[in-house]
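Protein chains get the first letters and strands the later ones, always in sequence-line order, with residue 1 at the start of each.
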2 protein chains.
Amino acid sequence: MGRPARHHRETLLESARDLSAQHGPQNLTIARVARRANAPVGSIYHRYKSRAELLGAVWLDLVETFQAQFLACLEGPDPAEAGLASLRFSLGWIAEFPREARLLLLHRREDFAADAWPATYRRRAQRLTAAADRAMANYAERLLGRTDADAMRQVRWLLVDLPRSALRRELEEGGASPAGARELLMATCSFALRRARRQAA
Amino acid sequence: MGRPARHHRETLLESARDLSAQHGPQNLTIARVARRANAPVGSIYHRYKSRAELLGAVWLDLVETFQAQFLACLEGPDPAEAGLASLRFSLGWIAEFPREARLLLLHRREDFAADAWPATYRRRAQRLTAAADRAMANYAERLLGRTDADAMRQVRWLLVDLPRSALRRELEEGGASPAGARELLMATCSFALRRARRQAA
DNA sequence: GTAGTTTTAGAATATATATTCTAAAACGAT
DNA sequence: ATCGTTTTAGAATATATATTCTAAAACTAC
């Protein structure tokens with residue numbers, strides 16, 4: 001069976017995730033991961049073919065678990081209410097996993113060396129965007145009754161960008177938002193969703 | 001007077017700005033700037049002490065000119081209307097200077113090597129944030145009648161983050177937003193500003 | 001023309017970091 | 001115990017890029 005492993009994929013991934021959250025994925029170095037995990041660099045390359053693959057694993061793992069739950073929120077019967085549910089889910093998620101949230105909200109896919117990913121990772125990423133596109137189109141059809149470019153854009157803004165703008169600041173400032181700020185966010189999203197639907201009708 | 005200069009601060013800065021907008025400031029290399037400007041690297045170091053100083057000049061120039069105009073929009077008599085005016089200004093600005101807008105919207109100050117800036121640059125940056133803080137506090141007082149942490153947060157979200165969420169997508173998708181998306185943005189911001197004021201009263 | 005100055009020009013150097021490589025350790029099976 | 005295998009361990013290598021350095025060019029003033 002060979003020499004027993006002291007350093008496993010999962011623990012190395014955790015070190016990489018923590019360090020990426022702390023210093024940003026661009027500044028992740030293999031040497032740092034090694035130091036944090038008390039592992040030699042050789043062991044890291046034994047588990048991951050390259051830095052790009054390690055960073056890709058961080059990103060894909062995170063996005064796959066987050067996105068699945070996020071999109072599930074959109075399935076509710078009333079689209080406007082479902083949109084708010086997805087926002088509530090996000091708020092809860094970043095409270096529960098602040099480190100992971102930093103990674104998703106404060107950095108972009110390219111910061112995780114996406115242009116050097118192996119083919120399998122590219123396929124995983126494509127599946128993610130395909131699933132998101134499907135869900136967005138489905139949601140657009142239900143909220144606005146159409147799925148043209150304009151509709152997709154509105155939906156993406158309503159569900160992704162608008163909430164993200166508030167969550168970002170929540171993270172950068174540290175603690176959870178005060179009551180007033182959160183109320184304002186919810187009310188605004190609620191208004192925007194209902195107005196979009198009203199205009200469509 | 002010495003040998004006449006073929007490469008001036010300003011033209012080198014332009015090259016750096018264009019390349020940063022195209023490939024991201026993190027990926028700006030001195031060699032690339034040299035090639036783009038048809039200048040030897042020595043001439044670049046003759047004008048700028050370091051890569052950090054060059055990137056800092058890109059960022060500071062941009063933010064100083066943008067922020068001054070942006071904050072001026074907030075001076076109007078009716079705070080809610082002034083907030084919308086600042087949004088209109090931003091929309092016009094990114095239509096007029098799409099390359100520069102990429103830099104401001106898609107990247108953060110740290111991406112411009114802010115941690116290695118010389119003291120003079122740090123001071124310029126401090127002046128910028130001080131001016132922004134003053135303007136935000138002043139605006140918060142006018143819109144909400146208070147300037148505590150909660151109020152500041154709401155104002156920052158209303159004036160900065162919320163608009164930015166839409167402008168970001170506008171840039172990433174290329175062309176200007178379709179009519180529906182822009183209407184939705186304006187209506188939402190208008191609602192949010194007025195609701196914040198209403199709640200405060 | 002000579003001296004002084006600024007700028008060009010790009011080669012040489014330094015440094016950081018990803019990646020590879022060699023040797024040995026630690027196990028199971030025979 | 002020996003062999004085959006997996007993993008550790010970290011030194012050696014490769015590469016990219018910022019920065020420095022030396023020489024010369026191109027001007028002005030005298």
Side-chain angles (χ1 to χ4, degrees), chain A residues 1-20 22-59 110-119 121, chain B residues 1-20 22-59 107 110-121:
Chain A
M1 263 271 91
R3 176 174 180 171
R6 297 182 56 182
H7 309 288
H8 306 79
R9 273 184 82 87
E10 194 48 43
T11 64
L12 296 176
L13 192 63
E14 269 173 41
S15 297
R17 186 165 39 220
D18 289 354
L19 288 171
S20 296
Q22 202 171 346
H23 307 291
Q26 315 96 342
N27 300 317
L28 185 82
T29 70
I30 301 292
R32 262 218 269 249
V33 177
R35 193 145 31 83
R36 161 74 72 113
N38 272 320
V41 298
S43 293
I44 297 179
Y45 279 94
H46 188 64
R47 302 291 178 186
Y48 295 92
K49 206 178 294 302
S50 68
R51 173 177 179 274
E53 192 180 313
L54 179 57
L55 276 175
V58 169
W59 192 85
E110 302 90 66
D111 297 331
F112 293 82
D115 49 352
W117 284 356
Y121 279 33
Chain B
M1 263 267 96
R3 179 174 177 169
R6 298 184 55 182
H7 311 288
H8 306 80
R9 274 184 82 88
E10 195 49 42
T11 66
L12 297 176
L13 192 63
E14 269 172 43
S15 297
R17 187 165 38 220
D18 290 353
L19 288 172
S20 296
Q22 201 171 347
H23 307 290
Q26 314 96 343
N27 300 318
L28 184 82
T29 69
I30 300 292
R32 263 218 268 252
V33 177
R35 193 146 30 83
R36 161 72 73 110
N38 272 318
V41 298
S43 292
I44 298 179
Y45 278 94
H46 187 66
R47 303 290 179 188
Y48 295 92
K49 206 179 295 301
S50 68
R51 172 177 179 275
E53 194 180 312
L54 178 56
L55 276 174
V58 169
W59 192 84
H107 303 281
E110 302 90 65
D111 297 331
F112 294 83
D115 49 353
W117 284 356
T120 57
Y121 279 33

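Computed from coordinates, the A:Leu55 CG to C:dT19 P distance equals 10 Å when rounded to whole Å. Protein atom OH of B:Tyr48 is 15 Å distant from nucleotide atom C1' of C:dT7, rounded to whole Å. Rounded to an integer number of Å, the gap from B:Tyr45 OH to C:dA14 P is 15 Å. Taking atom CZ of B:Arg9 as the reference point, atom P of C:dT7 lies 12 Å away to the nearest angstrom. In this structure, B:Ile30 atom CD1 and D:dA16 atom C1' are separated by 14 Å, rounded to whole Å. For the pair B:His8 NE2 and C:dT8 C1', the interatomic distance rounds to 12 Å; values are reported in whole Å. Atom CZ in B:Arg35 sits roughly 19 Å away from atom P in C:dT8 (whole-Å rounding). The distance between atom CG of B:Asn38 and atom C1' of C:dT8, rounded to the nearest whole Å, is 13 Å.
Annotation: side chain of B:Gln22 is not in contact with side chain of B:Arg32 (no heavy-atom distance under 4.5 Å). Put simply, the side chain of A:Arg6 does not reach to within 4.5 Å of the side chain of A:Asn38, judged on heavy atoms. When side chains are defined from C-beta on, A:Asp111 does not count as touching A:Trp59, because their heavy atoms never get closer than 4.5 Å.
OP1 or OP2 of D:dT8 lies within a sub-4.0 Å distance of a side-chain N or O belonging to A:Ser43. Contact between the side-chain N/O atoms of B:Arg47 and the OP1/OP2 oxygens of C:dT7 is found at a separation under 4.0 Å. Within the structure, a side-chain polar atom (N or O) of A:Arg51 is placed less than 4.0 Å from OP1 or OP2 of C:dA18. For the pair B:His7 and C:dA9, the criterion of a side-chain N or O lying under 4.0 Å from OP1 or OP2 is met. Side-chain N/O atoms of B:Arg3 include none lying less than 4.0 angstrom from OP1 or OP2 on D:dA25.
Using a 4.0 Å heavy-atom cutoff across all strands shown, B:Ile44 reaches no nucleic acid atom at all. Within 4.0 Å (heavy atoms only), A:Arg32 reaches no atom of the nucleic acid at all. Contact annotation for B:Leu54: no contact, since no heavy-atom pair falls under 4.0 Å across all strands.
The side chain of A:His46 sits closest to D:dT7 out of D:dT7, D:dA9, C:dA18. Across C:dA11, C:dT7, C:dT17, the shortest atom-to-atom separation from the side chain of A:Thr29 is found for C:dT17. You'll find that the side chain of B:Pro4 is closest to D:dA26, out of D:dT28, D:dA26, D:dT20.
Listed for the A:Ser20 side chain is a donor-acceptor partner under 3.5 Å among the backbone atoms of A:Ala16.
Nearest-nucleotide positions on DNA chain D for B:Ala52 and A:Val41 put A:Val41 closer to the 5' end.
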Go through it in stages, so that I can follow the logic: the residues are B:His107 and B:Gln26, the test is side chain to side chain contact (heavy atoms under 4.5 Å, CB included), and I'd like the CA-CA distance, side-chain angles, deciding distance and then a yes or no.
CA-CA 9 Å; B:His107 303 281; B:Gln26 314 96 343; 3.8 Å; yes
